[in-house]
Amino acid sequence: MIYNEEFETMPREVIKALQAKRLQQVLERVYHTVGFYKKSFDAAKVKPDDIKSIADIKKLPFTTRKNLGDNYPFGLFAVPMNSVVRLHASSGTSGRSAVFGYTKRDIETWSDLIARSLVAAGITKNDVIHNAFGYGLFTGGLGLHYGAEKIDASVIPMSGGDAKRQLMILQDFGPTVICSTPSHALHLAEVGKSIGIDVKTLKLRVGIFGAEPWNNAIRDEIEKVFGITALDLFGLSEVIGPGMAMECLEGRNGMHIYEDHFVVETINPQTGEVLPEGEEGELVFTTLTKEANPLIRYRSGDISRLITEPCRCGRTHVKMERVLKRSDDMLIIRGVNVFPSQIEAILVDIEGLEPNYQVVVDKVGALDTLDLQVEVNDKIFSDSGSIKELQKIEQRIVKDMRDYLGISARVKLVQPNTLKKSDAKIIDKRRI
Ligand code: DLL
C-alpha cells in the first residue's frame, strides 16, 4: 500500500523539477528571514537566484551542528515564535542542545511522512500501535504518535523505560505493532523471558525500529524472538525527526527518502566534495517544505549509500542503505545521542578532576552500557581521609551525566597518570 500515490510514485524527472522549484522557494525565504543564511550565502558569494537546478545546490555552503549550537536557541528560525506550535531538541556538541521549531503546517507535513512510513509497513487503521519511542523533547514519541493518528490507528503512548510495565501493556492491550529502538525491543524480550513471558505469544505482527544503528543480524533476531516483520525507519531531529526515510516491504534493502520534502546528497566527509550517486559517503540533507526551521545542506554525520535502481514497490524515491557508521565521534547510547565533548563539558565543571578520561561503551544483553574512568588530581588523591570526597565526586558525575545527557554511566575515579595520553578516549566495543 502507498499512502500518497501521487507524490511517492512521481516519475524521476517530475520529482527533480518539483525539488528545483521548492528549493528556489526555500532559498529565497531563508535568505530574507534567517540572518545566518544571509551571512553564509553572502560569504560564499552565492545568491538564491544562482541556484537554477538541483545540480547547482553544491554552490551553497553546508550547515553544521556547530552552526546550530552557535545560533542556539532560536537563531535559525525562519518564522516568528507565534507561528511555532511545537519545539523539540536534541543534543548539541557541547553543553547546550539544539532546538527545532515546527509550525502547524510542519506538524501536518511530518505527520504525513510518518503516515507514509506506517502505510509502507502495511499498517492500517485496524492496528493498535505500542509506541515505545520516548515522548518529550525527543522527536521519536510525538513524531510517531501524530502519524499513527493520521492513519486512524489506535496508539498507545507508552514512551520508553520500565520493561515489566511495557510487557504488561503488551499482554493486556494486545497491540499489533511496536515502535521502538531495536535494542529496546530485544531488552523487552530478555526481561519477558526472565519473568516467564514469551514475546512470541503477543499479538504483535510488525515492528518499526530506528533511532540507532542496527543490522540484518539484529533484524533476524528480533523477527525470530517476536515472530514479527521488522522494518527500518530513519530520521534526525535537525531535519524533521523520524519519517525522513522508510524501508518498504519489497526486498527490504534500503529506505526510500521522501524526496518531495528533502534533497539528499552524499559527500566525502573529509573534503566536502559531492560524490556520484551510489558511492558511500556522508548524507547531506536540505529541507524543501519546512517552514519554521528550514535547513540547507545539513551535514548529518551519517554514512550511507544511495540506491537508485527502481524499486518493485512502485515508489520512485531514491533509497538509502542502513546507517551503520558516522563521520564524527557521536555515540548513540540506548537511543540517546551523545558527543564526547558533552562528557568533557561535564567533567571540567567538577573540581578535583583531571581532563584525562576514558569511556568504554559496551552491551550487556541488549542494553548499551557506558563505563567512564576519570583521573582525579594530585591534591584530592593525596588528601588522606578523602574516600568520602571521592565518592561524592563519583556520584556527582553519575548525576550530571543523567541530568544533562540522559545517560546512566558507571563511573570510576582513578589515580593521577593511570590513563595514558596515547590511549583512546572512547572505546566502543559494540558489534555495530
Ligand atoms: O533518532 C529520530 C528517530 C526517532 C528516528 C525514531 C527513527 C525513529 P535524533 O535523536 O536526532 O533523531 O538522532 C538522529 O540517529 O543522525 C542517525 O545517526 C541515528 N539514526 C536514526 N535513525 C536511524 C536508523 C532520531 N534507522 C541520529 N538507523 C541519526 C541507524 C539511525 N541510525
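Side chains are part of it too, since the values below use all heavy atoms of this structure and drop only hydrogens, waters and symmetry mates. Start at 1 and go down the list; that is how both ligands and their atoms are numbered.
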Region of [X] that comes within reach of ligand 1 [heavy atoms, distance under 4.0 Å]:
X	value
I332	side chain
D232	side chain
R326	side chain
D302	side chain

Identity and distance of the protein heavy atom lying nearest [atom]:
atom	answer
atom 12 (O) of ligand 1	S237 OG, 3.4 Å
atom 23 (C) of ligand 1	A211 N, 3.5 Å
atom 8 (C) of ligand 1	F133 CZ, 3.5 Å
atom 25 (C) of ligand 1	G235 O, 3.5 Å
atom 28 (N) of ligand 1	E212 O, 3.3 Å

Give yes if a backbone or side-chain nitrogen or oxygen of [X] is under 3.5 Å from a nitrogen or oxygen of ligand 1, and no if not.
X	answer
M255	no
P242	no
S90	no

Between Y146 and R86, is there a cation-pi geometry (under 6.0 Å to ring centre, at most 45° from the normal)?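 Judged by the rule (NZ or CZ under 6.0 Å from the ring centre, within 45° of its axis), R86 counts as positioned above Y146.
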Mark yes or no: R116 above the aromatic ring of Y258, with NZ or CZ under 6.0 Å from the six-membered ring centre and no more than 45 degrees from the axis. yes
Establish, from distance only, whether the side-chain atoms of [X] and [Y] form a donor-acceptor pair under 3.5 Å.
X	Y	result
E8	H256	no
Y298	N67	no
R322	N216	yes

Approximate separation, where rounding is to 0.5 Å, of L144 CG and H130 NE2: 12.0 Å
Near K203 NZ, under 6.0 Å, is it more than 12 heavy atoms from other residues, nucleotides or ligands? no
Going by the atom numbers of ligand 1, which of them fall below 4.0 Å from some non-hydrogen atom of [X]?
X	answer
L236	11 (O), 12 (O), 14 (C), 16 (O)
N337	9 (P), 10 (O), 11 (O), 13 (O), 14 (C)
E238	11 (O)
V323	30 (C)

Among F100, Y135, Y102, find the residue that satisfies the ring pair (Phe, Tyr, Trp, His ring centres under 6.0 Å) test when tested with H88.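 It is Y102, the one option of F100, Y135, Y102 that forms the ring pair (Phe, Tyr, Trp, His ring centres under 6.0 Å) with H88.
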Looking at R252 and E223, does any basic side-chain N land under 4.0 Å from a carboxylate oxygen?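 Between E223 and R252 there is a salt bridge, with a charged N closer than 4.0 Å to a carboxylate O.
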Test applied, side-chain contact (heavy atoms from CB on, under 4.5 Å); reference residue, I123; option that passes from L231, T176, V177: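 For I123, the side-chain contact (heavy atoms from CB on, under 4.5 Å) test succeeds with only one of L231, T176, V177, which is V177.
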